[in-house]
Amino acid sequence: MPELPEVESVRRQLDPELRGRRITAVWTDPIPTMPREFHDVEAGTGHTVERVDRRGKFLIAPLDQGRELVMHLGMTGVLRFDLDSPHVRARLSLDDGRSLCFKDVRRFGRMAVVEAGMYEAIPMLAMLGPEPLSDEFDPEVFAWELRRTTSPIKPFLLSQRPVAGVGNIYADEALWMARIHPMSRKVGKARAFALHAAIRETLQRSIEREGTTFSDYQMVNGASGGNAAYLVAYGQQGKPCPRCTTPMKKIVLGGRGTTYCPRCQRA
DNA sequence: CACGCCTCCTGTGCGC
DNA sequence: TGCGCACAGGAGGCGT
């Protein structure tokens, strides 16, 4: 579900709502099915939210006294105020009388309160690659990482190691743009540079459209994103490739549905 | 160490 | 209509 553009769209709505709000009470599902689904969230009680940042697909809200509220939406996570739903797994009561509700049908999402920067409870966050839309996402380093790995390019992108925030949708989109076969284990420097630019472009365009909604993803105000109509690869199997009109093909790669153009994305 | 497979969970849509 | 299976935007754990 939510990849970087969706999480960023949520962040942009959440930040002004939460700034300066104090958490007065915390409720989490008493029967969490995943270990550490809600790691130490009650430790946020009494603390004030300074702002809402994003790192890859994580929302990170610094609290006063050096703590952080970390949230990951998983596949079906939604953040809304005062939401009434059987799938609400956590509620943060605020000093303005509202409560921030975390709805998560599939329970793949996580919340945690930790000491700032101490991510032992969230190893993925500590391992995260560079932010794709920042200067730390360097094309030379990216090309070097792609040369170094023996993994097929798409699962490597999904690992969050070479770059943060790319999931199944935008991996397919970016690989199509850069004309790289998702199974390719050899990506030369020119193609790596093209992929670097494609990742930035597909993410940035989607942020401008407030993300891609199929079913679950929605923003804090309940609205859907507008990017689904602009997808050229993900979910477009059988439709003509916009470049060459060859029907787009769907395969399973690393357990994930993968759509690409068999003509312009050669292995 | 790296990779592929399975699992976590619930809902939906499809084919029979 | 009902059933069973495949699949869904993510990630972690395990065995080879």
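Below, read A as the first sequence line, B as the second, and so on, with proteins coming before strands; counting in each chain starts at 1. Just so it is clear, the values below take in all heavy atoms, side chains as well, and ignore hydrogens, waters and symmetry mates. Since this is a predicted model, take the numbers as computed values, not measurements.
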For residues 241-252 of chain A, dump all side-chain donor-acceptor pairs below 3.5 Å to protein atoms at least two apart in sequence or in another chain.
unit_1   : atom_1 : unit_2   : atom_2 : d
A:Arg243 : NH1    : A:Trp176 : O      : 3.0
A:Arg243 : NH2    : A:Trp176 : O      : 2.8

I'd like a table of donor-acceptor pairs (distance under 3.5 Å, sequence neighbours excluded) in which one partner is a side-chain atom from residues 188-195 of chain A, with atom names and distances.
unit_1   : atom_1 : unit_2   : atom_2 : d
A:Lys189 : NZ     : A:Glu140 : OE1    : 3.0
A:Arg191 : NH1    : A:Arg179 : O      : 3.1

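For the salt bridge (charged side-chain N to carboxylate O under 4.0 Å, His left out) condition, the pairs that include at least one residue of residues 167-176 of chain A, sequence neighbours left out, are A:Lys154-A:Asp172.
Of all the heavy atoms in A:Lys186 and A:Ser184, the pair that sits closest is O-OG, 3.0 Å.
Taking a cutoff of 4.0 Å between a charged side-chain nitrogen and a carboxylate oxygen, A:Glu131 and A:Arg54 qualify as a salt bridge. A:Asp29 has a carboxylate O that lies under 4.0 Å from a charged side-chain N of A:Arg107, or vice versa, which qualifies the two as a salt bridge. Ion pairing between A:Asp53 and A:Arg11 fails under the 4.0 Å rule for side-chain N and carboxylate O.
A:Met127 has its CE atom 18 Å from the P atom of C:dG10, to the nearest Å. In this structure, A:Asp172 atom CG and C:dG10 atom P are separated by 10 Å, rounded to whole Å. Straight-line distance from the CG atom of A:Leu125 to the C1' atom of C:dG12: 15 Å, rounded to whole Å. One can place CD of A:Glu145 at 12 Å from P of B:dA2, the figure rounded to the nearest angstrom. Look at CG on A:Leu59: it is 15 Å from P on C:dG10, rounded to the nearest Å. If you measure from atom CG of A:Asp29 to atom P of B:dC9, you get 12 Å, rounded to the nearest angstrom. As a whole-Å value, the separation of A:Leu253 CG from C:dC7 C1' is 16 Å. Rounded to whole angstrom, the span from the OH atom of A:Tyr234 across to the P atom of C:dG10 amounts to 8 Å.
Shown here are the ring-ring contact (aromatic ring centres under 6.0 Å, His included) partners of A:Phe137, two or more places apart in sequence or in another chain: A:Phe142, A:His196.
Closest to the A:Arg256 side chain, of the nucleotides B:dC9, C:dG10, C:dA11, is C:dG10. Ranking C:dG10, B:dC9, B:dC3 by closeness to the A:Thr150 side chain, first place goes to B:dC3.
Across all strands shown, A:Arg161 has no heavy atoms under 4.0 Å from either base or sugar-phosphate atoms. The residue A:Tyr170 sits apart from the nucleic acid: no heavy atom pair falls under 4.0 Å. Across all strands, A:Gly255 comes closer than 4.0 Å to no nucleic acid atom at all (heavy-atom distances).
Checked by atom type and distance alone, the side chain of A:Gln265 pairs as donor or acceptor with a backbone atom of A:Cys261 at under 3.5 Å.
Separation of the C1' atoms belonging to B:dC3 and C:dA8 is 24 Å when rounded to the nearest angstrom. Using C1' as the reference atom, C:dA6 and B:dC6 are 16 Å apart when rounded to the nearest Å.
Side-chain nitrogen and oxygen atoms of A:His72 include none within less than 4.0 Å of the OP1 or OP2 phosphate oxygen of C:dG10. OP1 or OP2 of C:dA11 has at least one side-chain nitrogen or oxygen of A:Gln160 nearer than 4.0 Å. Side-chain N/O atoms of A:Lys250 include none lying less than 4.0 angstrom from OP1 or OP2 on C:dC7.
DNA chain B forms stems at B:2-8 with C:10-16, B:10-16 with C:2-8, each a run of 3 or more consecutive Watson-Crick or G-U wobble pairs whose two key distances fall under 3.5 Å.
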Might you list the N or O atoms of the protein lying below 3.5 Å from N or O atoms in nucleotides 11-15 of chain B, with each pair's distance?
unit_1 : atom_1 : unit_2  : atom_2 : d
B:dG11 : OP1    : A:His87 : NE2    : 3.2

- Message: Would A:Glu115 and A:Arg67 count as a side chain to side chain contact (heavy atoms under 4.5 Å, CB included) here? Give the steps.
- Response: CA-CA 4 Å; A:Glu115 298 296 322; A:Arg67 295 186 184 183; 3.8 Å; yes

